[in-house]
2 protein chains.
Amino acid sequence: MKVKEDLINQIEQEARAILDDSLSSHDWDHILRVYKLCEHIGQIEGADMEILRLAAILHDIGRMEQHKSKGKICHAQKGAEMAGKILVDHGLSQEKIDKIVHCIRTHRSKGKNTPETLEAKILFDADKLDSLGAIGLARTYAFTGEIGSRIHNKDVDVKSVKEYSREDNCYWEFLANLQFKKDKMMTKEGKRMALERHKFMADFFERINKEVDGEM
Amino acid sequence: MKVKEDLINQIEQEARAILDDSLSSHDWDHILRVYKLCEHIGQIEGADMEILRLAAILHDIGRMEQHKSKGKICHAQKGAEMAGKILVDHGLSQEKIDKIVHCIRTHRSKGKNTPETLEAKILFDADKLDSLGAIGLARTYAFTGEIGSRIHNKDVDVKSVKEYSREDNCYWEFLANLQFKKDKMMTKEGKRMALERHKFMADFFERINKEVDGEM
């Protein structure tokens, strides 16, 4: 166990050096939150924790490549390639590397590949959970500020709004996208948590709609 | 009543033309929210609604001057001067103008002047209420995104953090500033609403602190 912890710490340092904190919504804090969710779900679902922990630490190392290419490069694909090389250098068996790389390659909602192993399903769920609940609201409102859109428009028209407009606010993101995340969860514990976080978000918007009308 | 509504509509157009939407946290939506809160509190507290409505519409017209001067100009002072000129042009009596200008001059928490009339106290409360509750969270997280700070750090050290650092996030703002707003309210209804909105915020942070540890 001592050796495994050393390995995880070493790879954590490498991943952290690659990840640029300039992307607030996917900075190192996001990795830590996903890691902790993987710990929680992994213990309940009975996952291989070494595979899962390493996959969690490395899952977004392709983010900057996706960002720099303006979305042409898929961070899940790129991250899987980058992770494979890092893990080979640390002398992991090819079997383990393949399992970790599969988790990273399939963790993206919009990705072409589907999670097939328990560990990949857990990483997928943990990553989605970080866009729900209070932290999901916080991340999405921060994005609202990043792109300078309106804070809240309770009458936003989901269909007519394009991304990166002044109307691309948190409520629009919830109606157009986040409210469906709960239906895509792949593990039992992930689903349970997603439903609870979803309800918190839905209640938040019900409340804010009243507040902006001066009713609360 | 028809004449008064026309007057309010005309002055609304002028105020809207002055206010630049580039300041998301104090854009026209903020004015509308404060206006609706003034409607609500004003009816309950028995305010002069013409004075209060005009003060609400005009209360932030000095914002851009404060922003451009990097804080050297106080938007409440400047806004009061600007509003006085607008209201003279619309032929309001000096008595009414003085009452409206007093509201605008004294609405700022950090300002030197204290609200002395019922209408000024209501505007003060309404403006503070818009920094509390769900909308207060939304505005503060958006500001977090604007300045590129961390989304959430549950261990943030309130005393050591300077403004505009990567640690200047919503939670820091709550601990250092927003949690004390409820104690500064000046009307009964404002106080009631502030306590309720404060509790919602405190509960939100209790929750997000658990979420980031993977516990929810």
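Letters A, B, ... are given to chains in the order of the sequence lines, protein chains preceding strands, and every chain is numbered from 1. Below, each value reflects all heavy atoms present in this structure, side chains not excepted, and no hydrogens, waters or symmetry copies.
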Top contributor to chain A contacts, counting heavy-atom pairs under 4.5 Å, from G133(B), C38(B), C170(B)
G133(B)

When H40(B), E39(B), M193(B), E196(B) are compared by non-hydrogen pairs under 4.5 Å with chain A, the top option
E196(B)

Name the region of R192(B), side chain, backbone, both or neither, that has any atom closer than 4.5 Å to a heavy atom of chain A.
neither

Which residues pass the side chain to side chain contact (heavy atoms under 4.5 Å, CB included) test with E116(B), sequence neighbours left out?
H102(B)

Heavy-atom pair count under 4.5 Å with chain A, highest-scoring of L37(B), N169(B), L32(B)
L37(B)

Nearest-0.5 Å distance, CZ of residue R150(A) to CG of residue D29(B):
4.0 Å

Please walk me through it: do F200(A) and F204(B) pass side chain to side chain contact (heavy atoms under 4.5 Å, CB included)?
CA-CA 10 Å; F200(A) 180 77; F204(B) 182 95; 3.6 Å; yes

Y35(B), part contacting chain A, at a heavy-atom distance under 4.5 Å
neither

Which portion of L137(A) sits near chain B, non-hydrogen atoms under 4.5 angstrom:
side chain

With chain B as the partner chain, list the residues of residues 205-216 of chain A whose heavy atoms fall under 4.5 Å from it, by residue number, and write 'none' if nothing qualifies.
R207(A), I208(A), E211(A), V212(A), D213(A), G214(A), M216(A)

